[in-house]
Amino acid sequence: MDKRARRVRNEDINPCIEESDASQKCLDAYNYDKSMCSAYFQRYKNCRKYWHTIMVQRRRDGVRPDMPTAEERLEILAAIGGKPY
């Protein structure tokens, strides 16, 4: 696996792996008919937007790393009662 592919699959870097995989499975299931998978795409976009907002806020606050680790994200989601997207 090349360096970029490893980054995309790293749970500490990419918080939306689950949503990305669901989108890809939908595309595979519906023979790449994008109109059938719009809900999956929207969920992925919402996930990216949510975690991007968190990352920007942490950067402003001087918290390192900018993106929370996988464990920190689980704690954040548990504190708010599940995924907000």
Side-chain angles (χ1 to χ4, degrees):
M1 207 181 315
D2 69 346
K3 187 175 181 178
R4 183 182 183 290
R6 281 194 307 268
R7 273 191 69 151
V8 170
R9 300 302 305 167
N10 185 337
E11 289 184 1
D12 283 332
I13 295 172
N14 182 359
C16 301
I17 291 174
E18 183 180 327
E19 289 77 7
S20 175
D21 289 347
S23 296
Q24 190 62 47
K25 282 182 184 179
C26 180
L27 286 171
D28 290 341
Y30 289 106
N31 201 23
Y32 289 82
D33 181 2
K34 292 179 182 179
S35 66
M36 300 297 289
C37 302
S38 60
Y40 291 97
F41 298 152
Q42 191 59 48
R43 186 162 187 211
Y44 176 75
K45 286 179 188 177
N46 291 343
C47 176
R48 295 297 298 173
K49 187 176 184 179
Y50 177 78
W51 290 111
H52 179 75
T53 303
I54 298 288
M55 185 178 69
V56 168
Q57 187 61 47
R58 285 171 61 104
R59 193 176 292 151
R60 281 188 196 131
D61 296 342
V63 178
R64 290 284 181 206
D66 296 339
M67 179 61 72
T69 62
E71 293 82 27
E72 288 177 305
R73 288 194 304 269
L74 289 175
E75 291 172 10
I76 291 169
L77 292 175
I80 62 172
K83 294 181 180 180
Y85 42 87

Engineer: Exactly one of Q24, K83, Q42 should register a side chain to side chain donor-acceptor pair (under 3.5 Å) with E19. Which one does?
Structural biologist: K83
Engineer: How close do E11 and A70 get, heavy atom to heavy atom, and via which atoms?
Structural biologist: O-CB, 4.1 Å
Engineer: Mind listing the closest non-hydrogen atom pair of D12 and R73 along with its distance?
Structural biologist: O-NH1, 3.5 Å
Engineer: Aromatic rings Y85 and Y50: how do their planes relate, parallel, tilted or perpendicular, breaks at 30° and 60°?
Structural biologist: tilted
Engineer: Nearest 0.5 Å, please: how far is CD1 in I17 from OH in Y44?
Structural biologist: 9.5 Å
Engineer: Could you measure the distance from the CG atom of L74 to the CD atom of E71? Nearest 0.5 Å is fine.
Structural biologist: 7.0 Å
Engineer: May I ask you to test the D21-R9 pair for a side-chain heavy-atom distance under 4.5 Å?
Structural biologist: yes
Engineer: Nearest 0.5 Å, what's the SG-CZ distance between C37 and R43?
Structural biologist: 14.0 Å
Engineer: Does the side chain of Y30 come within less than 4.5 Å of S35's, by heavy atoms?
Structural biologist: no
Engineer: Distance from C47 atom SG to N14 atom CG, nearest 0.5 Å?
Structural biologist: 7.5 Å
Engineer: Out of Q57, R58, R59, which residue meets the side chain to side chain donor-acceptor pair (under 3.5 Å) rule with D61?
Structural biologist: Q57
Engineer: Do P15 and R48 come close enough that some side-chain heavy atom pair is under 4.5 Å?
Structural biologist: yes
Engineer: Rounded to the nearest 0.5 Å, what separation is found between the SG atom of C16 and the NZ atom of K45?
Structural biologist: 13.0 Å
Engineer: Do the side chains of I80 and M55 join up, straight or via other hydrophobic residues, at under 4.5 Å, putting them in one cluster?
Structural biologist: yes
Engineer: Cluster question for you: counting only ILVMFWY and a side-chain heavy-atom cut-off of under 4.5 Å, with indirect links fine, are F41 and Y32 together?
Structural biologist: yes
Engineer: Compare all side-chain heavy atoms of E72 with those of M67 and state whether any distance is below 4.5 angstrom.
Structural biologist: no
